[in-house]
Amino acid sequence: MATPKGKYRVGLIGCGRAGAPRGHAFNKHPRCELTAIADTDPENLELGCENFGVPGYSTYAEMFAREQIDIALPILPVRPNADAVVAAARAGVRAIFCEKPLTARLEDADRMVAECRSRGILLAAGVVVSSHPDYQKAYALAASGEIGEVRRINLYEANGQGGCHGLNLARKFAGKSQVEFVTGWVEGDPFSDHEEPYDEAESGFGGIGGYIRFANGVECYSSFSEVDWRGIEVVGTEGVIYNWNNTCTGLRLRVKADGEERVLGHHDLQEAEGLFGDYSVSNRDYDEQGWRGAGAVTPGIVQAIVHSLDTGEDLPVTTGDDLRHALEIAIAMRESARRGQFAVKLPLEDRALVMYPERSRWHYKKEVHGRGWYMKQMAQVKRPASEI
Ligand SMILES: NC(=O)c1ccc[n+]([C@@H]2O[C@H](COP(=O)([O-])OP(=O)(O)OC[C@H]3O[C@@H](n4cnc5c(N)ncnc54)[C@H](O)[C@@H]3O)[C@@H](O)[C@H]2O)c1
């Protein structure tokens, strides 16, 4: 097991805006130790090695050849994610945390999941609110009949990042039932009738929505609008679970009062107190070492990975397989929109279908926005010792 100190050795792949703080969050956990970094940008690599006091490598292949890594963290532009996850799995790691969106192409998502699954490697994915303990509690309450039989999920979300936020949530509240078919609408899709060249992706989508029919009978209506609202209502025969900003905590559960027959809306339901935390935006204050706060979700993901490695239990947080399904639903809705709202059955047979995230996620942000913008962003990740 792990290092002489009984810690899991963590290898960070990509020490950029998001990678450095994710690496720090793992390093802070008493059972983890960041032991190596791989980054193709010498400037970020040097900064990361200095901050963490660990060896650095210009490729992940070299890192895996020289270091024994237990947990790999590919925190990369989306384009190299699939190859990095597959390489980590083949190098013999025991767990991988990959940032979201997972990838653009279904067959890439398939091979990421298959390489990990066939070797029993945990694949967690994305700092997403769906991994927060309050949401885990909410899925369990919905599954246990707390709001009666779940019938309908109303989602307010543009689903631009391959469905990794809203569609992933909807599927979890639907008990991860297989999707039978979808119909979809798309707004602001410049490539609505052809695919971009894979390596030169420029743009994402304005919005993707539609109707999702799960095999267990749950129906989801996913709508987007000019207003960038993100919310969810999980409607059951006896009550509702909702959050009117599902990028944050602040879930609510309302149920019919005993003997109540006629319920016409939320006001006729009683709120269950004390189940979930209040609405809160992540605390981004700096810690004693000068690192910007990790937010409400990341520490729970680190703890969940350590716990699953220790016990062999399934990951309670969002996985690569979850984001693969969310991507498939989003792509299917786009295919439906292309065919004039024709119902599209899942699983999709054509695994070559893609949905790119926005350009600055697909590519390296320093190349997209320029070095000046990028280094200002990097300066906000960790404050110099003189400012602490
Ligand atoms: N969940 C969230 O809230 C959240 C927030 C921010 C970013 N993200 C995601 O995290 C990921 C990374 O975002 P970022 O802003 O740190 O990206 P970034 O553009 O800063 O790039 C990350 C780093 O990856 C390195 N890199 C690129 N290709 C590489 C390769 N083949 N091998 C090794 N290193 C390589 C770059 O040099 C850079 O240091 C993205 O997928 C983004 O969508 C998620």
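Side chains included, hydrogens not; waters and symmetry mates left out as well; all remaining heavy atoms used. Numbering of ligands and ligand atoms starts at 1, following listing order.
- Nearest to atom 40 (C) of ligand 1 by heavy atom, out of T59, L76, D83, I75, is L76.
- Of the candidates R292, K382, K28, D287 forms a salt bridge (charged side-chain N to carboxylate O under 4.0 Å, His left out) with just one, namely K28.
- The single protein non-hydrogen atom nearest to atom 7 (C) of ligand 1 is A18 CB, 3.7 Å, given as residue, atom name and distance.
- Nearest to atom 28 (N) of ligand 1 among the protein's heavy atoms is T40 OG1, 3.6 Å.
- Judged by distance alone, the side chain of D70 and the main-chain N or O of R9 form a donor-acceptor pair under 3.5 Å.
- A donor and an acceptor atom, one from each side chain of T318 and K172, are located under 3.5 Å apart.
- Of the protein's non-hydrogen atoms, D39 OD1, 2.6 Å is the one closest to atom 37 (O) of ligand 1.
- Considering both main-chain and side-chain atoms, P80 never comes within under 3.5 Å of ligand 1 through any nitrogen or oxygen pair.
- Contact annotation for K365 and ligand 1: heavy atoms of both the backbone and the side chain come within less than 4.0 Å of the ligand.
- Applying the ring-ring contact (aromatic ring centres under 6.0 Å, His included) test to pairs two or more places apart or on separate chains, those with a residue in residues 40-80 are F52-W291.
- Remark: ligand 1 and Y60 share no N or O pair separated by less than 3.5 Å (distance only, no angle test).
- A heavy-atom separation below 4.0 Å is found between P101 and ligand 1.
- The closest protein non-hydrogen atom to atom 44 (C) of ligand 1 is E99 OE1, 3.3 Å.
- When only modelled atom types and interatomic distance are considered, Y364 and N44 share a side-chain donor-acceptor pair under 3.5 Å.
- The ring-ring contact (aromatic ring centres under 6.0 Å, His included) test applied to F181 returns Y211, not counting sequence neighbours.
- Listed here is the closest heavy atom pair of W244 and E233: NE1-OE2, 3.5 Å.
- A donor-acceptor pair under 3.5 Å is formed between the side chain of N216 and the backbone N or O of A174.
- Look at G126 and you'll find every heavy atom at least 4.0 Å from all atoms of ligand 1.
- T249 and D134 share no donor-acceptor pair across their side chains, judged by distance under 3.5 Å alone.
- Between the side chain of S336 and the main chain of G184, a donor-acceptor pair closer than 3.5 Å is present.
- Atoms of ligand 1 found under 4.0 Å from any heavy atom of V78, numbered from 1 in the order shown, are 41 (O).
- If you look at V127 next to ligand 1, the close heavy atoms, those under 4.0 Å, come from the backbone and the side chain alike.
- Each of the atoms 38 (C), 39 (O) of ligand 1 lies under 4.0 Å from some heavy atom of N44.
- Checking A38, P77, A61, P42 against atom 24 (O) of ligand 1, the nearest heavy atom belongs to P77.
- Counting non-hydrogen atoms of other residues, nucleotides and ligands closer than 6.0 Å to CH2 of W373 gives a total above 12.
- At least one heavy atom of R22 sits less than 4.0 Å from an atom of ligand 1.
- Looking at R324, its side chain never comes within 3.5 Å of a backbone N or O of A109 through a donor-acceptor pair.
- Heavy atoms from both the backbone and the side chain of K100 come within less than 4.0 Å of ligand 1.
- At least one N or O atom of R361 sits closer than 3.5 Å to an N or O atom of ligand 1.
- Residue contacts with ligand 1: N81 is placed with no nitrogen or oxygen under 3.5 Å of a nitrogen or oxygen of the ligand (distance criterion only).
- Here the side chains of L353 and R334 are not in contact, with every heavy-atom distance at 4.5 Å or above.
- The single protein non-hydrogen atom nearest to atom 20 (O) of ligand 1 is Y374 OH, 2.4 Å, given as residue, atom name and distance.
- Of the protein's non-hydrogen atoms, the one nearest atom 38 (C) of ligand 1 is Y364 CE1, 3.4 Å.
- The ligand atoms of ligand 1 that sit less than 4.0 angstrom from a heavy atom of D41 are 37 (O).
- Within ligand 1, counting atoms from 1 as listed, the ones closer than 4.0 Å to a heavy atom of R17 are 15 (O), 16 (O), 20 (O).
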